[in-house]
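Data first, discussion second: the structure below is written as structure tokens.
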Amino acid sequence: MQDRIIVLGASGQIGTVLTAELRKIYGRDNVLATDIYPNSVSEGPFQVLDVLNIHRMAEIFEQFKPTQVYHLAAILSANGEANIKKTWHINMDGFLRVLEISLEKGVSKVFFPSSIAVYGRTTPKINTPQDSPLLPSTVYGISKMTGEVWSDYMFNRYGLDIRSLRYPGVIGWQSIPSGGTTDYAVEIYHAAFKMGHYDCFLKEDTVLPMIYMPDAIRATIELMEAPKSQIGVHYGYNLSGMSFTPKEIAESIRYFMPEFTISYQPDFRQEIAESWVRSIDDSKARSDWGWKPEYDLHKMTMDMLMHLQNKYGMTVISPLS
Ligand code: AKB
């Protein structure tokens with residue numbers, strides 16, 4: 001049977017890239033992109049959808065008849081703190097509606113993006129094990145942790161096959177994140193081209209787990225395509241790419257752009273970053289469905305700069321470097 005996929009939140013940072021990749025695999029017209037913003041996603045079917053509009057969501061599911069749903073719509077950690085009720089409403093009620101409709105319409109697989117924001121002050125910070133204590137410090141983190149518990153419940157109670165990853169900060173050249181604490185690691189590359197300088201909102205030695213977009217997309221699709229018998233975790237798999245500080249990413253840019261400078265003006269996001277962990281043990285994802293990241297910091301910086309130099313019309317690295 002031909003899979004048909006709905007992506008909710010398809011205009012966001014991950015949704016933009018994931019939708020294009022899913023279309024390559026499943027065919028343009030078998031992947032319906034939806035978002036509250038009619039943004040420029042890859043060519044193919046698109047519907048405006050607010051995830052809180054349950055009637056419209058039910059209509060879209062009824063018409064498109066998806067076999068898989070990727071639910072990416074959410075307000076991120078930093079923006080979430082400015083309006084905690086709205087964040088809870090969108091992140092949690094939106095997800096519950098997706099679960100309800102998916103069950104009702106017989107969707108066979110659902111993807112729920114969790115995050116390193118589920119970790120908190122009781123979580124071991126180094127090489128964080130899969131089943132660590134979680135005490136998130138943001139509403140976004142609380143919504144992700146609760147979403148994980150709902151996912152596990154829906155799998156055990158109703159057999160709904162929900163799969164989930166705890167994304168680290170995701171870095172990519174194709175799209176810009178908005179309202180997250182790890183956003184600095186994308187902004188810095190654009191600032192290097194636009195200003196030759198970046199004013200970072202985190203301290204220079206703040207270590208956070210990150211992942212390059214191609215690894216994040218591959219992890220998502222590999223998880224969703226793995227046989228059900230290999231999936232031992234239906235809440236959120238720990239997922240690791242690399243860990244680095246603002247100082248280290250600046251140094252990796254300076255390797256190719258020696259004139260680049262950085263300064264530090266930590267704001268409220270510093271506290272959020274410090275409540276998260278520094279490195280992650282993702283051995284469960286590796287042993288269950290064969291996860292293995294490909295990009296480290298140097299390889300990612302080289303690829304980011306290669307792509308962004310076309311966008312900004314400034315050559316800093318030759319294809320043979
Ligand atoms: C954020 O910074 O809020 C997100 C995340 C780590 O989930 N990028």
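Start at 1 and go down the list; that is how both ligands and their atoms are numbered.
A salt bridge is defined here as a Lys NZ or Arg NE, NH1 or NH2 lying under 4.0 Å from an Asp or Glu carboxylate O, and Arg163 with Asp161 meets this definition.
Cation-pi geometry between Lys144 and Phe112 is met: the NZ or CZ atom falls under 6.0 Å from the ring centre, inside 45° of the normal. Cation-pi geometry between Arg4 and Phe64 is met: the NZ or CZ atom falls under 6.0 Å from the ring centre, inside 45° of the normal. With Phe201 as the aromatic partner, Arg269 meets the cation-pi criteria of under 6.0 angstrom to the ring centre and within 45 degrees of the ring axis.
Ring pair Trp289/Tyr237 is perpendicular by interplanar angle, where above 60° counts as perpendicular and below 30° as parallel.
Within a 6.0 Å sphere centred on CD of Glu271, other residues, nucleotides and ligands contribute 12 heavy atoms or fewer.
Listed by chain and number, residues touching ligand 1 at under 4.0 Å (heavy atoms only) are Leu76, Ser77, Ser115, Ile116, Tyr140, Gly180, Thr181, Thr182, Trp276.
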